[in-house]
Engineer: 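Below you will find the structure I want to go over with you.
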Amino acid sequence: MNAREFNFDGLVGPSHNYAGLSFGNVASFNNVRSAANPRQAALQGLAKMRELAARGFAQAVMPPQGRPNFRLLRRLGFSGSDADVLAHAYREAPVILACAYSAAPMWTANAATVSPSADSHDGRVHFTAANLNNKLHRSEEHVQATRTLRAIFHDGSHFMVHDPLPPVPAFGDEGAANHTRFASSYGAAGVEFFVYGRVEFDPAAPSPKKYPARQTLEASQAVARLHGLDPARTVFAAQNPDVIDQGVFHNDVIAVGNGNVLFYHDQAFFDEAETIEALRRSLGGVGAELQAVRVASGQVPVADAVASYLFNSQLLSKPDGRMALVVPHECRENAAVSRYLAGLVAGGGPIDELVEFDLRQSMRNGGGPACLRLRVVLTDDQAAAMHQGVIMTEALYAQLVAWVERHYRDRVEPKDLADPQLAIECAAALEELTRILGLPGLYDL
Ligand code: SUG
C-alpha cells in the first residue's frame with residue numbers, strides 16, 4: 001500500500017514564554033524568566049514547515065491551544081472576572097499563571113502516540129493522546145489535543161483517536177517522544193519501538209536519581225494494547241537512567257529512527273546490546289534489516305548531544321532512498337557535533353544531507369526540530385480523508401505569516417502574563433485561526 005509520512009508541526013502559540021517549568025529539561029531551567037519572542041518563535045517554526053513542504057515532504061500544521069487556561073486557574077481557586085483571575089494568580093502564584101499560559105503544545109511530538117494502519121489490528125490509524133501528567137503546565141494539553149486530533153482525523157472508518165491513559169504516575173505518557181516506528185517502507189508492516197524511563201510496578205527496575213522519568217513501561221504497554229499492535233513487532237526498551245539525569249528527559253533527545261535506520265547515542269539505552277538485538281530480530285521478522293548508526297561518547301559526549309540537540313533531529317526519507325537529517329543551528333555551533341556531522345554525511349551511510357534551521361526560540365525551552373513535529377503515516381486514502389485545511393502549502397504559509405504578524409507580540413516577559421490584554425489578544429488570534437484552517441468549533445473557550 002502506498003503511504004507517506006506527514007509531519008504535523010505545532011504552530012507556536014501567541015503566549016510563548018520562558019517559565020522554567022520543566023524540571024529535568026536543562027534548557028527550560030537555564031532560560032527561566034528571560035524574555036521570549038512569540039512572533040519570531042512562530043515564524044521560525046513556519047519557516048521550517050514551508051521549507052520541508054517545498055522540498056516535497058508531506059507537511060501539515062497542528063494549531064496551538066487556547067491560553068491562558070482559565071479552566072485550570074479557576075479550578076485552583078482563582079475567581080472573579082477573567083482580569084481578576086489573572087491579577088490574583090499573578091500576585092499569589094505566578095508559577096501557576098505561567099503554567100496556564102504555557103505554549104508547550106507547540107511540541108507536538110508529545111501530543112500523542114501514533115500507529116499507522118499497517119501496524120494496527122483493525123487497519124485504522126490509531127492515536128492515543130498523551131496525558132503528560134509529569135508537569136502541571138502540560139497535564140491538561142490532552143483535552144485540546146484529543147479534540148484537535150478528532151477534528152482533523154474525523155473519519156472513524158480510517159482513524160481512531162483514543163482518550164489519554166489514566167493521569168496517575170503509573171501511566172505517565174509523553175507520546176511519540178518515546179516512540180519510534182521502523183519499516184522497510186511506510187506502507188509496509190512495521191516494528192514499533194517504545195522507550196520508557198521507569199517501571200511503576202517493579203521498584204527494582206532502573207530509574208533516574210536526580211530528574212524524573214516521565215514515561216513508564218506500563219503506559220507504553222497500554223498504548224500498544226490500545227493500538228492493537230502485534231507483540232512480535234513491538235519492542236519495549238529501558239532508557240539509560242544516567243542520561244535522564246543528564247537532561248535527556250525524552251528518548252527523542254538521544255535517538256531518532258526512520259525506515260530501517262536508528263541514529264542513536266551509545267549511552268541512550270540501559271542495555272544497548274539487548275535493545276539493538278531485539279530491534280534487529282523484530283525487524284528481521286518483517287523482512288527488513290536494521291541499520292544502526294551509533295554515535296560513541298568519544299565522538300559526541302552526552303552533554304554535547306543535550307546542548308546541541310543532535311538527536312532531536314528529523315530523519316526524512318528522500319525520493320532517492322537516502323535520508324536527510326534536519327538539525328537545529330546549535331549543531332553547527334557545537335565543535336564536536338559539527339565535526340561528527342561533517343563525517344556522517346560524507347561517510348557513505350544512509351544519511352547524506354543536513355538541513356539546518358534556526359529554531360532558537362523553541363530550543364531555549366528544550367524543543368528541537370523533532371519535538372516540534374508529530375509523525376503520522378497515512379495511505380493515500382487516509383490522507384484524502386483527513387481535514388485538508390491543515391496541509392502546508394505556499395498559500396497557507398503566507399496566510400499564517402500574515403496572521404502571526406497581525407496578532408503576535410515580539411516580546412513576552414513574566415510580568416506580561418498579568419496583562420489582561422494578552423489574554424484578549426490570544427483569544428482573538430485563535431478565533432481567526434479557526435477560519436484560516438477551516439476548523440470552526442475547534443476550541444471550547
Ligand atoms: O516538556 N519544555 C518542553 C519541551 C518538550 C520537548 N519535546 C520533546 N522532546 N519531544 C518539556 O519539557 C518548557 C516550558 C517552560 O519552561 O516555560 C517545556 O515545557
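Residues: numbered from 1 along the sequence shown. Since the structure is predicted, the reported quantities are computational estimates derived from the model, not experimental observations. Order of listing sets the numbers, starting from 1, for every ligand and every atom in it.
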Engineer: If we ignore angles and hydrogens, is there a donor and acceptor under 3.5 Å between the side chains of Tyr340 and Asn334?
Structural biologist: no
Engineer: Could you list which atoms of ligand 1 come closer than 4.0 Å to a heavy atom of Gly20?
Structural biologist: 15 (C), 16 (O), 17 (O)
Engineer: Are any of the N/O atoms on Asp252, whether in the backbone or the side chain, positioned under 3.5 angstrom from an N/O atom of ligand 1?
Structural biologist: yes
Engineer: Carefully, step by step, assess Leu46 and Tyr397 under the rule side-chain contact (heavy atoms from CB on, under 4.5 Å).
Structural biologist: CA-CA 7 Å; Leu46 281 165; Tyr397 171 77; 3.8 Å; yes
Engineer: At what distance is the nearest protein heavy atom to atom 8 (C) of ligand 1, and which residue and atom is it?
Structural biologist: Cys371 SG, 2.8 Å
Engineer: We want to know whether Ser117 and Gln382 form a side-chain donor-acceptor pair, criterion being a heavy-atom distance below 3.5 angstrom.
Structural biologist: yes
Engineer: Regarding Arg332 and Glu330, does a basic nitrogen lie under 4.0 Å from an acidic carboxylate oxygen?
Structural biologist: no
Engineer: Using a 4.0 Å cutoff against the non-hydrogen atoms of Ser28, which atoms of ligand 1 qualify?
Structural biologist: 13 (C), 15 (C), 16 (O)
Engineer: Hey, are Tyr264 and Thr275 close enough side-chain-wise for a donor-acceptor pair under 3.5 Å?
Structural biologist: no
Engineer: Heavy-atom distances under 4.0 Å are what count here, so tell me which part of His137 touches ligand 1: side chain, backbone, both or neither.
Structural biologist: side chain
Engineer: Would you mind running through ligand 1 and noting each atom that sits below 4.0 Å from a heavy atom of Ser22?
Structural biologist: 1 (O), 2 (N), 11 (C), 12 (O), 13 (C), 18 (C), 19 (O)
Engineer: Going by the atom numbers of ligand 1, which of them fall below 4.0 Å from some non-hydrogen atom of Arg214?
Structural biologist: 1 (O), 11 (C), 12 (O)
Engineer: Contact between ligand 1 and Glu174 is defined here as a heavy atom of the residue under 4.0 Å from a ligand atom; is it met?
Structural biologist: no
Engineer: For Asn17 and ligand 1, answer yes if some heavy atom of the residue is under 4.0 Å from a ligand atom, otherwise no.
Structural biologist: yes
Engineer: Would you say Ala104 and ligand 1 have an N/O pair spaced under 3.5 Å apart?
Structural biologist: no
Engineer: Taking 4.0 angstrom as the limit and counting only heavy atoms of Ala177, give me the atoms of ligand 1 inside it, by number and element.
Structural biologist: 10 (N)
Engineer: Near His250, which atoms of ligand 1 are under 4.0 Å from a heavy atom of that residue?
Structural biologist: 7 (N), 8 (C), 9 (N), 10 (N)
Engineer: Quick one: list whatever passes ring-ring contact (aromatic ring centres under 6.0 Å, His included) with Phe23, sequence neighbours left out.
Structural biologist: Phe29, Tyr211
Engineer: Please check whether Asn365 reaches ligand 1 - meaning an N/O of the residue sits under 3.5 Å from an N/O of the ligand, judged on distance alone.
Structural biologist: yes
Engineer: Could you check whether Asp9 and Gln59, counting side-chain N and O atoms only, form a donor-acceptor pair closer than 3.5 Å?
Structural biologist: yes
Engineer: Quick one: look up the protein heavy atom nearest atom 17 (O) of ligand 1 and list residue, atom name and how far away it is.
Structural biologist: Ala19 N, 3.0 Å
Engineer: Taking heavy atoms and a distance under 4.0 Å, where does Asn25 meet ligand 1: side chain, backbone, both or neither?
Structural biologist: side chain
Engineer: For ligand 1, indicate whether the residue Arg138 contacts it via side chain, backbone, both or neither (heavy-atom separation under 4.0 Å).
Structural biologist: side chain
Engineer: Under 3.5 Å, is there a donor-acceptor pair linking the side chains of Ser34 and Arg364?
Structural biologist: yes
Engineer: Considering the heavy atoms of Gly366, write down every atom of ligand 1 situated less than 4.0 Å from one of them.
Structural biologist: 4 (C), 6 (C)
Engineer: Regarding His162 and Thr128, is there a side-chain donor-to-acceptor distance under 3.5 Å anywhere?
Structural biologist: no
Engineer: If you measure from each non-hydrogen atom of His16 to ligand 1, which part falls under 4.0 Å: side chain, backbone, both or neither?
Structural biologist: neither
Engineer: Enumerate the residue pairs fulfilling side-chain hydrogen bond (donor to acceptor under 3.5 Å, both in side chains) with a member in residues 166-176, sequence neighbours excluded, ordered by first and then second residue.
Structural biologist: Asp173-Gln215, Glu174-Arg214, Glu174-His250
Engineer: Between Phe193 and Phe182, how do the two ring planes meet: parallel, tilted or perpendicular, split at 30° and 60°?
Structural biologist: tilted
Engineer: Is a donor from one side chain sitting under 3.5 angstrom from an acceptor on the other, for Ser115 and Glu192?
Structural biologist: yes
Engineer: Short list, please: which atoms of ligand 1 are under 4.0 Å from a heavy atom of Ala109?
Structural biologist: 10 (N)
